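Nothing here was measured: the structure is a model prediction, and the numbers come from that model. Reckoned from all heavy atoms, side chains included, excluding hydrogens, waters and symmetry mates. Atoms within a ligand are numbered from 1 in the order they appear, just like the ligands themselves.
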Amino acid sequence: MEVDVSNLKVVVTGAASGIGRATALAFVANGANVFAVDVNDAGLAETKAAASGSGSIVTHKADLLNPANCKPVIEAAVAELGGLDALCNIAGVLRIEALEDVTPESWDFIYGVNVRAPFFLSQAAMPHLLKSDGAIVNISSATAFRGYAYVTAYTSSKAAVAHMTKSLQAEVIKSGVRINAIAPGSVNTPMGTGGSGGAMDKFDMDLFVRMMQIRPGSPPEQYTDILLYLVSPQNQIIRGAVLNVDDGMDAT
Ligand SMILES: NC(=O)c1ccc[n+]([C@@H]2O[C@H](COP(=O)([O-])OP(=O)(O)OC[C@H]3O[C@@H](n4cnc5c(N)ncnc54)[C@H](O)[C@@H]3O)[C@@H](O)[C@H]2O)c1
């Protein structure tokens with residue numbers, strides 16, 4: 001089967017790095033018109049410089065931690081692209097912290113970027129997606145479905161993303177809009193291979209080691225085929241799904 005995303009109008013958040021960058025580049029390579037959003041201007045410029053193919057890319061700096069920025073991002077994308085076919089909510093943040101170090105600020109930071117931003121971007125995008133029978137793809141995580149020490153805010157935010165995906169799909173189930181999430185395992189990106197952000201000497205390594213999956217991490221480019229398929233008009237049957245794309249992490 002041929003997956004055809006050519007000429008689709010797509011917003012990709014988190015496009016300055018990792019899975020978001022790989023996704024933006026894959027869309028451009030396959031003929032889609034991408035509105036690439038991130039808080040990191042320099043990373044966006046690198047993504048734009050790396051883009052090639054029959055599609056196009058416009059970059060847009062925005063801090064999605066601030067919910068007031070979500071609707072303007074979608075309005076800017078619609079004005080630039082002339083409509084909207086897909087929203088890929090890929091921006092995310094992780095902090096690894098011992099229980100006693102988690103502050104209300106760090107909890108709100110993680111939930112603000114990982115859960116609130118995709119929700120309010122989806123809210124703003126929905127009128128346009130209802131017109132185009134479009135799609136949303138969110139990024140959950142294999143860590144959403146098991147217990148992991150020192151990452152309660154992150155893992156529970158990713159469980160919230162999984163549930164948000166299903167509930168939003170339920171709300172528009174009578175339309176042609178398709179809303180799905182993928183749940184990656186360990187991905188070789190700055191987030192997947194970066195430091196803990198917390199005080200490592202506080203961590204019990206017997207517990208910490210559970211976060212390490214048996215298989216090595218995967219390159220972010222391995223996630224783009226499934227993302228493009230979920231967004232493409234060829235996907236009419238996968239709706240409200242949270243797909244494990246974790247190289248077996250959830251199974252072990
Ligand atoms: N790397 C992994 O192992 C892994 C595993 C499962 C799920 N995920 C999820 O995949 C998604 C992409 O992660 P990645 O591994 O590519 O990480 P990454 O750190 O390489 O990229 C995340 C991007 O999000 C952007 N971002 C962060 N806060 C933002 C904000 N306030 N406003 C706008 N942009 C912001 C960053 O600038 C960065 O470009 C995340 O949602 C992450 O939780 C990653």
Side-chain angles (χ1 to χ4, degrees), residues 11-26 35-48 50 59-70 72-74 76-77 87-96 105-106 108-121 136-146 148 151 153-162 164-165 181-197 211-213 215-224 226-227 242-250:
V11 170
V12 178
T13 75
S17 178
I19 301 171
R21 170 178 287 169
T23 300
L25 295 181
F35 192 83
V37 181
D38 206 289
V39 71
N40 174 356
D41 230 358
L44 280 176
E46 283 175 26
T47 301
K48 186 169 181 170
T59 60
H60 183 90
K61 182 183 177 182
D63 183 357
L64 299 172
L65 179 60
N66 182 350
N69 290 338
C70 291
V73 161
I74 297 298
L87 167 63
C88 299
N89 284 313
I90 301 179
V93 286
L94 164 71
R95 280 185 188 165
I96 305 174
E105 180 277 328
S106 96
D108 288 349
F109 172 69
I110 288 173
Y111 269 70
V113 177
N114 292 2
V115 186
R116 186 176 58 199
F119 177 83
F120 285 105
L121 288 166
I136 296 174
V137 179
N138 298 317
I139 310 289
S140 179
S141 166
T143 63
F145 311 113
R146 291 166 46 176
Y148 290 91
V151 280
Y154 178 80
T155 54
S156 63
S157 78
K158 291 297 175 179
V161 168
M164 180 172 72
T165 300
I182 64 166
S186 179
V187 191
N188 296 335
T189 66
M191 180 189 288
T193 57
S196 74
M211 264 185 269
M212 311 299 167
Q213 67 174 12
R215 306 265 300 152
S218 313
E221 291 74 21
Q222 285 195 355
Y223 297 81
T224 59
I226 183 72
L227 257 149
V242 181
L243 301 177
N244 279 358
V245 285
D246 63 2
D247 202 13
M249 186 166 172
D250 193 49

*Look at atom 5 (C) of ligand 1 and say which protein heavy atom is nearest, naming residue and atom and giving the distance to 0.1 Å.*
G185 O, 2.9 Å

*Enumerate the atoms of ligand 1 whose separation from the nearest heavy atom of A62 is less than 4.0 angstrom.*
32 (N), 33 (C)

_Protein contact to atom 44 (C) of ligand 1 [nearest heavy atom, distance to 0.1 Å]_ = M191 SD, 3.9 Å

*Shortest non-hydrogen separation from A91 to N114 and the atoms involved*: O-OD1, 4.5 Å

_Nearest non-hydrogen partners of K158 and S141, listed with the distance_ = CG-CB, 3.7 Å

*Do any nitrogen or oxygen atoms of T189 come within less than 3.5 Å of a nitrogen or oxygen of ligand 1?*
yes

*Atoms of ligand 1 less than 4.0 Å from S140 heavy atoms?*
7 (C)

*What are the two closest heavy atoms between V73 and A62, and how far apart are they?*
CG2-CB, 3.6 Å

*Only one of T13, D63, V93, V39 passes side-chain contact (heavy atoms from CB on, under 4.5 Å) with V113; say which it is.*
V93

_For ligand 1, the portion of V113 having any non-hydrogen atom under 4.0 Å away_ = side chain

*asked:* I want to check something: taking the side chain as every heavy atom from C-beta on, are K48 and L44 in contact at a cut-off of under 4.5 Å?
replied: no

*Any idea which atoms of ligand 1 are less than 4.0 Å away from a heavy-atom of K158?*
40 (C), 41 (O), 42 (C), 43 (O)

*Which ligand 1 atoms are under 4.0 Å away from a heavy-atom of G92?*
22 (C), 24 (O), 27 (C), 40 (C), 41 (O)

*For atom 31 (N) of ligand 1, which protein heavy atom lies nearest, and how many Å away is it?*
D63 OD1, 2.8 Å

*For ligand 1, which atoms, with element, lie under 4.0 Å from some heavy atom of I19?*
10 (O), 16 (O)

*Counting only heavy atoms, which portion of V39 has something under 4.0 Å from ligand 1: side chain, backbone, both, or neither?*
both

*Sub-4.0 Å atoms of ligand 1 with respect to non-hydrogen atoms of V93*: 27 (C), 28 (N)

*Of all the atoms in ligand 1, which lie at a distance below 4.0 Å from a heavy atom belonging to S186?*
3 (O)

*For ligand 1, does I90 get within less than 4.0 Å through its side chain, its backbone, both, or neither, judged by non-hydrogen atoms?*
both

*Of the non-hydrogen atoms in P184 and D246, which two are nearest, and what is the gap between them?*
C-CB, 3.9 Å

*Do the non-hydrogen side-chain atoms of S218 and N188 ever get within less than 4.5 Å of each other?*
no

*For ligand 1, which atoms have a heavy atom of S141 less than 4.0 angstrom away?*
6 (C), 7 (C)

*Would you mind checking which non-hydrogen protein atom is closest to atom 43 (O) of ligand 1, with the distance to 0.1 Å?*
Y154 OH, 2.7 Å

_What I'd like to find out is whether the side chain of F119 reaches to under 4.5 Å of the side chain of M164, using heavy atoms alone._
yes

*Determine whether V137 and N89 make a side-chain contact, defined as any pair of heavy atoms from C-beta on separated by less than 4.5 Å.*
no

*Polar side chain donor-acceptor pair, T165 to N138, under 3.5 angstrom*: yes

*Below 4.5 Å, heavy atoms only, C-beta onward: do Y154 and R95 meet side chain to side chain?*
no

*asked:* Looking at every heavy atom in both T189 and I19, which two are closest together, and how far apart are they?
replied: CG2-N, 4.0 Å

*Does any non-hydrogen side-chain atom of I182 lie less than 4.5 Å from one of Y223?*
yes

*Location of contacts on S17 toward ligand 1, heavy atoms closer than 4.0 Å*: both

*Quick one: does G112 get within less than 4.0 Å of ligand 1, heavy atoms only?*
no

*For atom 32 (N) of ligand 1, what's the nearest protein heavy atom and its distance?*
L64 N, 2.9 Å

*If you look at every heavy atom in D108 and L65, which pair is closest and at what distance?*
O-CD1, 4.1 Å

_Heteroatom distance test (V187, ligand 1): nitrogen or oxygen, under 3.5 angstrom_ = yes

_Check for me whether P220 has a heavy atom closer than 4.0 Å to any atom of ligand 1._
no

*Which of the listed options, I139, V37, T13, L65, holds the heavy atom that is closest to atom 10 (O) of ligand 1?*
I139

*What protein heavy atom sits nearest atom 36 (C) of ligand 1, and how far off is it?*
D38 OD1, 3.4 Å

